Amino acid sequence: MPPRRVIGIDAGGTKLLGGVVDEQMVVHHRVRRTWRGADRRETIDIFTDAVEEVRAASPDVEAVGFGIPALVDQEAGVSRWSNHLPLDGVPFREVMSERLGLPVVVDNDGNMSMLAEARSGAAAGTRHAVMVLLGTGIAGGLWLNGSLYRGASGVGAELGHVVLQLHGPECPGDCPGIGCFEALVSGHAIGREGMRAAAAAPDSALGRRLESGKEIDGGIVTELAHGGDPGACAVLAEVGERLGFGLTGIVNTFNPEVIVVGGGAARGGDLLLEPARAVVAAHALPPAREGLRIVAAHYGDEAGMIGAAAMAFDSLDEGSLP
Ligand SMILES: [Zn+2]
């Protein structure tokens, strides 16, 4: 019997990554899309196109799992609210399964990354783990007592909207919060601090880039930091330190065995994680920080896609798909 396959789709604030995934979590075909400024209908069309593209390469897929950047009622399959995409109040599972003619499951993107890392990634074998996904914003996932924790109505684990700074910067997107973790530590924040560093040091690589009129975003700052530019390294050190203070609260609240840091904005690797580890080692409550590991995601940018596929397989096995 050929191995079963499903499609996993991971959607972030600006882009989508999808793939055909088998039961060993091997990815066979990939698809990418971006959607800056797309309205609701266009966003749903992009999801549909992406699925159809990989499905054409593997017509035997049995279901589709979606991880989306939204507060999702996972049981009802409804996207309740989204800070980054026009998906408020969308009966996502119903809409997509009708369009695709396939069984569909949907959950929050942070939860899906957590599931992948807990099953077979950087948090494998643990019963208490936390996922922090640094992208356009920050998604979170909680693996507590060996399963995903979603909260009373399924919309919990939004670690990106824990307040880190009193009267801090406004949270990007539609979040009514100010000084949120996401406003201070995401890819967006790295870009903003990069702009500030560039203006302050016109002779640095960052400064010359600003001078020549080119855009400075989180990706460029990270790239220059890996190249050794002191200004860019200082930005990652500053943001890494903030990350550490955010993680300190998480360590004290949940006492996890491991915190997995993933997402596109985590490409700084140890340039971000080392300052974060130092802050946690100095400021988290001693018994909670003992033995704690803070590590990069095993699946990198693909954690959300792999987790969405894992959830689709789970639902097939439980027979819970409509
Ligand atoms: Zn917020």
Side-chain angles (χ1 to χ4, degrees), residues 1-36 38-70 72 74 77 79 82 84-87 90-117 119-121 133 135-136 139 262-264 297-317 320-322:
M1 208 168 72
R4 294 192 303 166
R5 292 179 172 193
V6 298
I7 293 171
I9 299 281
D10 176 45
T14 52
K15 56 185 183 236
L16 168 159
L17 172 65
V20 173
V21 182
D22 69 24
E23 284 175 290
Q24 271 69 52
M25 298 296 119
V26 176
V27 183
H28 295 272
H29 309 282
R30 287 176 176 79
V31 58
R32 289 167 211 277
R33 292 283 190 278
T34 56
W35 46 42
R36 267 177 214 280
D39 66 17
R40 177 176 299 186
R41 191 180 177 83
E42 288 162 344
T43 302
I44 299 280
D45 285 346
I46 291 167
F47 275 118
T48 309
D49 281 357
V51 170
E52 293 299 359
E53 184 182 318
V54 277
R55 191 183 184 184
S58 187
D60 55 343
V61 293
E62 294 180 32
V64 189
F66 289 91
I68 62 174
V72 177
Q74 190 257 346
S79 166
S82 174
H84 298 284
L85 290 181
L87 292 175
V90 173
F92 193 88
R93 184 173 67 205
E94 197 182 307
V95 169
M96 293 312 299
S97 60
E98 202 173 291
R99 283 211 176 190
L100 299 167
L102 279 169
V104 164
V105 286
V106 60
D107 200 345
N108 168 268
D109 55 346
N111 290 352
M112 294 299 82
S113 295
M114 182 76 264
L115 181 63
E117 295 293 343
R119 280 284 166 79
S120 46
L133 208 56
T136 314
H298 170 76
Y299 287 115
D301 294 357
E302 303 206 324
M305 169 177 73
I306 303 269
M311 184 177 60
F313 277 122
D314 285 359
S315 301
L316 285 169
D317 293 341
S320 61
L321 286 171

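Keep in mind that this is a model prediction, so the values were computed, not measured.
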Supply the atom-to-atom distance [X] [atom1] to [Y] [atom2], rounded to the nearest 0.5 angstrom.
X: Arg4; Y: Phe313; atom1: CZ; atom2: CZ; value: 6.0 Å
X: Leu16; Y: Phe47; atom1: CG; atom2: CZ; value: 6.0 Å
X: Ile46; Y: Ile9; atom1: CD1; atom2: CD1; value: 12.0 Å
X: Ile44; Y: Trp35; atom1: CD1; atom2: CH2; value: 9.0 Å
X: Asp107; Y: Met311; atom1: CG; atom2: CE; value: 5.0 Å

Which atoms form the tightest heavy-atom contact between [X] and [Y], and what is the distance?
X: Gly8; Y: Val21; value: N-CG2, 4.5 Å
X: Leu17; Y: Arg32; value: CD1-NH1, 3.5 Å
X: Gly19; Y: Val54; value: CA-CG1, 4.4 Å
X: Leu133; Y: Gly263; value: CD1-N, 3.6 Å

Any salt bridge (charged side-chain N to carboxylate O under 4.0 Å, His left out) involving residues 304-315? Give me the pairs, sequence neighbours left out, ordered by first then second residue.
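Sorted result for residues 304-315: Arg119-Asp314.
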
Any side-chain heavy atom of Met96 sitting closer than 4.5 Å to one from Val90?
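They are not in contact (no side-chain heavy atoms under 4.5 Å apart), so the answer is no.
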
I'd like a table of donor-acceptor pairs (distance under 3.5 Å, sequence neighbours excluded) in which one partner is a side-chain atom from residues 58-68, with atom names and distances.
from, atom 1, to, atom 2, distance (Å)
Ser58, OG, Arg5, NH1, 3.4
Ser58, OG, Asp60, OD1, 2.8

Would you confirm whether [X], through its side chain, and [Y], through its main-chain N or O, come within 3.5 Å as a donor-acceptor pair?
X: Gln74; Y: Asn108; result: no
X: Ser79; Y: Leu87; result: yes
X: Arg55; Y: Leu100; result: yes

Are Arg33 and Asp45 close enough, and set up right, to give a salt bridge (Lys or Arg N to Asp or Glu O under 4.0 Å), and what steps lead you there?
CA-CA 11 Å; Arg33 292 283 190 278; Asp45 285 346; over 6 Å; no

If you count every heavy atom of other residues, nucleotides or ligands that lies below 6.0 Å from Glu53 atom CD, does the total exceed 12?
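Counting other residues, nucleotides and ligands, CD of Glu53 exceeds 12 neighbours.
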
Just by distance, no angles: are the side chains of Tyr299 and Ser120 close enough, under 3.5 Å, to form a donor-acceptor pair?
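Checked: Tyr299/Ser120 side chains pair up, N/O donor to acceptor below 3.5 Å.
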
With sequence neighbours excluded, residues passing salt bridge (Lys or Arg N to Asp or Glu O under 4.0 Å) with Arg40
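Once residues adjacent in sequence are excluded, Arg40 has no partner under the salt bridge (Lys or Arg N to Asp or Glu O under 4.0 Å) criterion.
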
Go through the structure and list residues passing salt bridge (Lys or Arg N to Asp or Glu O under 4.0 Å) with Glu42, not counting sequence neighbours.
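Not a single residue meets the salt bridge (Lys or Arg N to Asp or Glu O under 4.0 Å) criterion with Glu42.
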
Given the rule in the salt bridge (Lys or Arg N to Asp or Glu O under 4.0 Å) test, do Arg99 and Asp49 qualify, once you have shown the distances and angles that lead to the verdict?
CA-CA 10 Å; Arg99 283 211 176 190; Asp49 281 357; over 6 Å; no

Sort and list the pairs that fulfil side-chain hydrogen bond (donor to acceptor under 3.5 Å, both in side chains) and have at least one residue in residues 10-22, not counting sequence neighbours.
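The answer is Asp22-His28.
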
Solution key, residues 302-309 side-chain donor-acceptor pairs under 3.5 Å, sequence neighbours excluded:
from, atom 1, to, atom 2, distance (Å)
Glu302, OE1, Arg30, NH2, 3.0
Glu302, OE2, Arg30, NE, 2.6
Glu302, OE2, Arg30, NH2, 3.3

